[in-house]
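Following: one structure in structure tokens, then a few remarks.
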Amino acid sequence: MFKEYWPFPEKIGAEESVKGFAARNWMFSVVWLILLTVPSVADEAGRAERDAISACVADNAHTGTLVERSANGEFVAGTGQRFLATDIDFLPAENASHSSSNIGDDPKGSQTLEAIPAGPANRWGLIPAWIVVRNGDTLELLQADELETGGAIFVPERASGSCARHLRQAESSAREQKTGIWARGKDAPVHSVTDLENLEAAAGNYVIASGRIVSLGKTRSTRYLNFGRYWKTDFTVTLKASDEDRFDAILSQNGWRIENLANKTVEIRGVVQVRDGPLIALRHPEQLVVIEDKRAGRGG
């Protein structure tokens with residue numbers, strides 16, 4: 001009976017036996033690999049999320065405070081402290097035709113929110129924080145979830161390195177799938193740098209602007225990225241000359257520097273001002289991404 005399932009050479013011939021054994025061995029290996037891969041994919045995803053959270057919270061990981069999400073989007077602790085989710089921006093409810101994530105809406109009470117401070121309180125007493133969501137053994141970063149569901153846009157203020165990449169990838173996923181605010185077509189928060197009328201109409205709002213840099217300029221204190229030939233009316237981006245090295249450190253990871261961005265297509269994000277035409281002042285390197293030559297592996 002045993003020999004029917006384990007073909008020895010003396011029964012069916014050495015060559016056929018080896019082939020049969022190899023086939024059975026291969027099938028067994030495939031099944032075993034599948035069984036091993038299913039849980040490992042989930043484990044890998046969980047590890048990636050925990051690593052991203054660790055990268056964002058950095059040295060403040062042990063200073064979290066339990067909070068509840070309020071109706072106006074703040075996160076309130078039992079002590080009365082108020083927190084806001086850093087590095088994302090929720091669009092005004094009256095303009096947003098989308099449904100955001102369900103984080104914070106937990107009728108069964110199995111979910112907890114923890115605010116981990118990322119900086120000092122602002123003028124309104126709100127403390128910028130990373131909001132970590134714990135559901136049993138599962139950890140999530142609220143910022144990433146909101147970006148991935150199209151409920152917010154990425155606003156780089158404190159994120160850098162792998163933390164910034166994690167948040168940008170979450171937003172990119174929603175943009176590619178046209179989820180949430182990205183399903184709004186021309187009303188999505190992305191503008192062409194040549195659409196001056198819409199850019200000026202967006203003054204005071206956080207937007208994303210995309211287009212080609214026409215020329216560069218520099219004074220002792222300021223670096224200028226000009227998106228048109230007439231600086232009195234065209235869209236302009238500025239950054240402090242003292243910050244140029246910080247921007248170059250990030251850009252150089254993809255082979256760029258501020259000084260060689262003329263004629264390159266970029267994506268800028270920030271608050272629109274109107275000063276001799278629409279203007280965005282950059283303060284964080286992640287506000288500027290080179291999008292030209294992506295197919296060749298260049299750019300952000």
Side-chain angles (χ1 to χ4, degrees), residues 41-58 60-61 64 67 69 73 75 83-93 96-106 111-116 118-119 128-135 138-185 187-190 205-210 250 253-254 266-270 284-291 294 299-300:
V41 168
D43 291 345
E44 185 63 30
R47 277 195 299 272
E49 185 69 23
R50 288 192 294 273
D51 289 346
I53 292 172
S54 296
C56 291
V57 303
N60 298 321
V67 293
R69 191 172 192 169
F75 298 86
F83 300 85
L84 60 85
T86 189
D87 283 62
I88 61 173
D89 185 36
F90 300 99
L91 294 189
S97 56
H98 66 86
S99 57
S100 62
S101 75
N102 294 321
I103 287 179
D105 180 16
D106 181 31
Q111 186 183 91
T112 59
L113 305 180
E114 186 174 342
I116 301 176
W130 299 106
I131 309 298
V132 177
V133 185
R134 185 184 297 276
N135 198 338
T138 303
L139 293 178
E140 293 181 74
L141 190 64
L142 176 134
Q143 281 90 336
D145 189 83
E146 289 288 356
L147 291 170
E148 195 166 16
T149 56
I153 62 175
F154 178 35
V155 178
E157 293 180 345
R158 294 166 178 84
S160 61
S162 57
C163 176
R165 287 192 293 274
H166 180 61
L167 297 181
R168 194 180 295 279
Q169 287 168 2
E171 182 193 79
S172 295
S173 176
R175 292 175 70 170
E176 290 170 3
Q177 298 177 34
K178 293 181 169 54
T179 302
I181 58 177
W182 308 107
R184 291 163 47 182
D187 293 325
V190 179
N205 295 320
Y206 199 97
V207 305
I208 298 172
S210 178
I250 300 300
Q253 295 174 11
N254 292 300
V266 299
E267 186 175 87
I268 302 291
R269 56 184 71 210
H284 192 291
E286 294 289 343
Q287 288 178 263
L288 166 63
V289 174
V290 181
I291 61 176
K294 267 193 171 182

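Values in this document were obtained by computation on a predicted structure and should not be read as measured data.
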- How many angstroms lie between atom CD of Glu140 and atom CD1 of Ile131, to the nearest 0.5 angstrom? 13.5 Å

- Exercise: identify the closest heavy-atom pair between Ile88 and Ala152: CB-CB, 4.1 Å

- Message: Just to verify, what does Glu267 make a side-chain contact (heavy atoms from CB on, under 4.5 Å) with, not counting sequence neighbours?
- Response: Arg175, Ile208, Arg269, Ile291

- Query: Roughly how far, to the nearest 0.5 Å, is the CD atom of Gln287 from the CZ atom of Phe154?
  - Reply: 9.5 Å

- Taking 4.0 angstrom as the limit, do Glu146 and Arg69 come out as a salt bridge? yes

- Note on the structure: Cys163 meets the side-chain contact (heavy atoms from CB on, under 4.5 Å) criterion, sequence neighbours left out, with Ala55, Cys56, Trp130, Ala159, Leu167

- Query: Hey, are the side chains of Ile181 and Pro189 touching, using non-hydrogen atoms and a 4.5 Å cut-off?
  - Reply: yes

- Message: Just verifying a value: how many Å separate Gln253 CD and Arg165 CZ, rounded to the nearest 0.5 Å?
- Response: 6.5 Å

- Item | Value rounded to 0.5 Å, distance of CG in Asp87 from CG in Leu141 | 9.5 Å

- Item | Nearest-0.5 Å distance, CH2 of residue Trp182 to CG of residue Leu147 | 9.0 Å

- Looking just at side-chain N and O atoms, do Ser173 and Gln177 make a donor-acceptor pair shorter than 3.5 Å? yes

- Task: Could you tell me the separation between the OG atom of Ser160 and the CD1 atom of Ile250, rounded to the nearest 0.5 Å?
- Result: 7.0 Å

- Task: State, without any angle test, whether Arg158 and Thr86 hold a side-chain donor-acceptor pair at a distance under 3.5 Å.
- Result: yes

- Task: For Ser162, check side chain to side chain donor-acceptor pair (under 3.5 Å) against everything at least two apart and list the hits.
- Result: none

